[in-house]
Amino acid sequence: MKNYVLLIAFCAFSASQLAAQTSPSSNYNNWFTYFAQYKFSPRWGMHLDAQFRADDNVERMNQSLLRTGVQYFFQPNLNATLGYAYITT
């Protein structure tokens, strides 16, 4: 019985000294994205991808991605894209 009392006292004392997490600082990140696919004909299309990432309550741009490409559709569910990506950090 004495061991149980000591164990409970030790756990209660240890739990009051431990913290699993600290208070988070205000760190807001935003990520705006736009994905599109346009078909010009049954075989040809275009892919567009634009992403903008911002820090500090959208006051500072962190990264931007602009990707575009020309698509060729071999079958309705099989295509290939040749494109270009412009990425700033």
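Just the heavy atoms: all of them, side chains too, but no hydrogens, waters or symmetry mates, feed the values below. Bear in mind that the values here come from a model prediction, so they are computed numbers and not experimental data.
Other residues, nucleotides and ligands place more than 12 heavy atoms under 6.0 Å from the CG atom of Leu78. Atom OH of Tyr86 has 12 or fewer neighbouring heavy atoms from other residues, nucleotides or ligands inside a 6.0 Å radius.
Contact annotation: the side chain of Tyr72 approaches that of Trp44 to within less than 4.5 Å [non-hydrogen atoms, C-beta and beyond].
We find the NE2-CZ distance between His47 and Phe35 to be 7.0 Å, quoted to the nearest 0.5 Å. One finds the CD1 atom of Ile87 at 7.0 Å from the CD atom of Gln63 (value rounded to the nearest 0.5 Å).
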query = Passes ring pair (Phe, Tyr, Trp, His ring centres under 6.0 Å), Phe32 versus Tyr34? Steps please.
reply = CA-CA 7 Å; Phe32 304 102; Tyr34 177 75; over 10 Å; no
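For Asn79 against Gln71, the heavy-atom pair with the smallest separation is OD1-NE2, 3.9 Å. The two atoms that bring Leu66 and Ala50 nearest to each other are CD2-CB, 3.8 Å, heavy atoms only. Minimum heavy-atom separation, Phe73 to Pro42: CB-O, 3.8 Å. In terms of heavy atoms, Phe52 sits closest to Ser64 at CD2-CB, 3.6 Å.
Using a distance-only test at 3.5 Å, with no hydrogens or angles considered, no donor-acceptor pair links the side chain of Arg53 to the main chain of Asn30.
Qualifying salt bridge (charged side-chain N to carboxylate O under 4.0 Å, His left out) partners for Arg67, counting only residues two or more places apart in sequence or in other chains: Asp49.
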